[in-house]
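In what follows, chains carry the letters A, B, and so on, assigned in the order in which the sequence lines appear, proteins first and then strands, with residues in each chain numbered from 1.
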There are 2 protein chains.
Amino acid sequence: MNDQIEICKSDTIHPDAIERAYKSLPEIVHIYDMAEIFKILGDPSRLRILLALAKEELCVCDLATLINTSVSSVSHHLRLMKGLKLVKFRKEGKLVYYSLADEHVESIIAETMDHVTE
Amino acid sequence: MNDQIEICKSDTIHPDAIERAYKSLPEIVHIYDMAEIFKILGDPSRLRILLALAKEELCVCDLATLINTSVSSVSHHLRLMKGLKLVKFRKEGKLVYYSLADEHVESIIAETMDHVTE
DNA sequence: CATATATTTGAATAATTGTTCAAATGTATT
DNA sequence: AATACATTTGAACAATTATTCAAATATATG
């Protein structure tokens, strides 16, 4: 076996604690879903977009002006966030208006803001 | 200028909305700090480590067994999370026990869990 | 229909990152 | 001291990703 090189010799140092912790873990699929969301939130440009949308409904062009990047870049970010249901949109003529999909996004960011400002 | 190719022609489609949104944004440094935290949370292995530590204090070896990866990999993850004050540790002989640094981490993950399970 | 503007999309590139491997460090035990 | 085991560390590699550029759509207007 390959594992023995890296894995601890005494395979289970605290078997009971491991067992309890293991049983408390959410379903693996939910863990992957959460990781995907956090990965999306882990980019300053996207965070700024979401924070802006928490305050105002804005079109793609507004967002590009606001965070000072290309329209294309903003559009790519919005596509990712649409995919994870973090933002929603409505079309009005040439323009596409984006806004937050639900209040969870705000809560998650607010909680993290608390963490970094304390 | 280079900008004119990508930036919208009508530089400000909704100047008032942009202004309001801009003023509501947190300081840029906090946005970058938050992004760093989310980036760290955006990995399934690290999420599992944090979720396990939310339930039990565990040593590096326990964590490696629990999430079925190498000790080295776990150690690298823990180093990153230590750096962002997401986990804390105490040494006891050969062993190093890790636990969550504060309850914010749990709240952030819990809020996100709500989002993915609804 | 032709033009103008907003948005989307796909490919390419540069940068970041998770894991592995090998070696080093720290701490007990014989 | 020497051995054993837990943990850390650094370098290397493969995979992922943010941005840019160019081109394609979509929608209004002259």
Side-chain angles (χ1 to χ4, degrees), chain A residues 1-14 18 31-32 35-49 58-84 87 89-98, chain B residues 1-14 18 31-32 35-49 58-84 87 89-98:
Chain A
M1 295 220 237
N2 241 338
D3 300 345
Q4 293 176 337
I5 297 168
E6 282 275 9
I7 297 290
C8 312
K9 311 290 169 152
S10 55
D11 209 27
T12 46
I13 297 198
H14 306 93
I18 294 178
I31 294 182
Y32 276 83
E36 265 200 89
I37 294 207
F38 285 130
K39 211 177 294 182
I40 291 298
L41 296 178
D43 177 87
S45 301
R46 284 193 292 264
L47 264 187
R48 281 204 286 177
I49 291 173
L58 294 165
C59 70
V60 180
C61 182
D62 290 338
L63 287 167
T65 304
L66 185 61
I67 73 173
N68 198 40
T69 45
S70 69
V71 168
S72 172
S73 178
V74 168
S75 183
H76 280 300
H77 286 313
L78 289 169
R79 183 177 50 82
L80 292 173
M81 298 196 281
K82 243 186 318 193
L84 290 184
V87 300
F89 65 97
R90 70 182 175 87
K91 300 189 177 183
E92 195 176 312
K94 274 188 302 189
L95 303 177
V96 182
Y97 290 95
Y98 282 86
Chain B
M1 294 219 235
N2 239 337
D3 300 345
Q4 294 176 335
I5 298 168
E6 281 274 6
I7 297 292
C8 312
K9 312 290 168 151
S10 55
D11 211 26
T12 46
I13 297 198
H14 306 92
I18 294 178
I31 294 181
Y32 276 83
E36 265 200 88
I37 296 208
F38 285 130
K39 213 179 294 184
I40 292 296
L41 296 178
D43 176 84
S45 300
R46 285 193 291 266
L47 264 187
R48 281 202 286 176
I49 290 173
L58 294 165
C59 69
V60 180
C61 182
D62 290 338
L63 286 167
T65 305
L66 184 60
I67 74 173
N68 199 40
T69 44
S70 70
V71 167
S72 173
S73 179
V74 169
S75 183
H76 280 299
H77 286 313
L78 288 169
R79 182 177 51 80
L80 292 173
M81 297 195 282
K82 245 187 313 194
L84 290 185
V87 300
F89 65 98
R90 70 183 172 87
K91 300 188 177 184
E92 195 176 310
K94 275 187 302 188
L95 302 178
V96 182
Y97 289 95
Y98 283 86

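- Residue M81(B) contributes atom CE, which lies 13 Å from atom C1' of dG18(C) at whole-angstrom precision.
- Within the 4.0 angstrom heavy-atom criterion, no nucleotide atom of any strand lies near K91(B).
- Residue K91(B) qualifies as open at atom NZ: its count of foreign heavy atoms under 6.0 Å is 12 or below.
- Counting only heavy atoms from C-beta on, K94(A) has its side chain closest to dA6(C) among dG18(C), dT7(C), dA6(C).
- Between the CG atom of L63(A) and the P atom of dT19(D) there is a distance of 14 Å, given to the nearest Å.
- In this structure, Y97(A) atom OH and dT8(C) atom P are separated by 13 Å, rounded to whole Å.
- Atoms CD1 and CG, on I18(B) and D62(A) in that order, are 4.0 Å from each other to the nearest 0.5 Å.
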Can you check nucleotides 9-15 of chain C for protein contacts, nitrogen or oxygen pairs under 3.5 Å, and list what you find?
from	atom 1	to	atom 2	distance (Å)
dT9(C)	O4	S72(A)	OG	2.8
dG10(C)	O6	H76(A)	NE2	2.8

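- Straight-line distance from the CD1 atom of I40(A) to the P atom of dT16(D): 14 Å, rounded to whole Å.
- In terms of heavy atoms, I31(A) sits closest to P44(B) at CG2-O, 3.9 Å.
- L78(A) places none of its side-chain heavy atoms less than 4.5 Å from the side chain of V96(A).
- For F89(B) and E92(A), each mapped to the nucleotide of DNA chain D holding its nearest heavy atom, the one lying further toward the 5' end belongs to F89(B).
- Among the nucleotides dT20(D), dT17(D), dT8(D), the one closest to the side chain of S70(A) is dT20(D).
- Counting only heavy atoms from C-beta outward, the side chains of L95(A) and H14(B) approach each other to under 4.5 Å.
- Atom CG of D62(B) is separated from atom P of dC5(D) by 17 Å (rounded to the nearest Å).
- Y98(B) comes within contact range of the sugar-phosphate backbone alone, with a heavy-atom separation under 4.0 Å but no base atom that close.
- Looking at residues two or more places apart in sequence or on another chain, you find no side-chain hydrogen bond (donor to acceptor under 3.5 Å, both in side chains) involving R48(B).
- Going from atom CZ of R48(B) over to atom P of dG18(C) covers 15 Å, rounded to whole Å.
- When rounded to the nearest whole Å, the span between CG of L58(B) and C1' of dT7(D) equals 15 Å.
- Relative to the side chain of S45(B), the nucleotides dA6(D), dT19(C), dT8(D) differ in distance, and dT19(C) lies closest.
- Here dG18(C) is the nucleotide among dT8(D), dA6(C), dG18(C) with the atom lying nearest to any side-chain atom of H77(B).
- Rounding to whole angstrom units, CD1 of residue I49(A) and C1' of dT7(C) are separated by 14 Å.
- Ring orientation note: the planes of F89(A) and Y98(A) are tilted relative to one another, at an angle of 30° to 60°.
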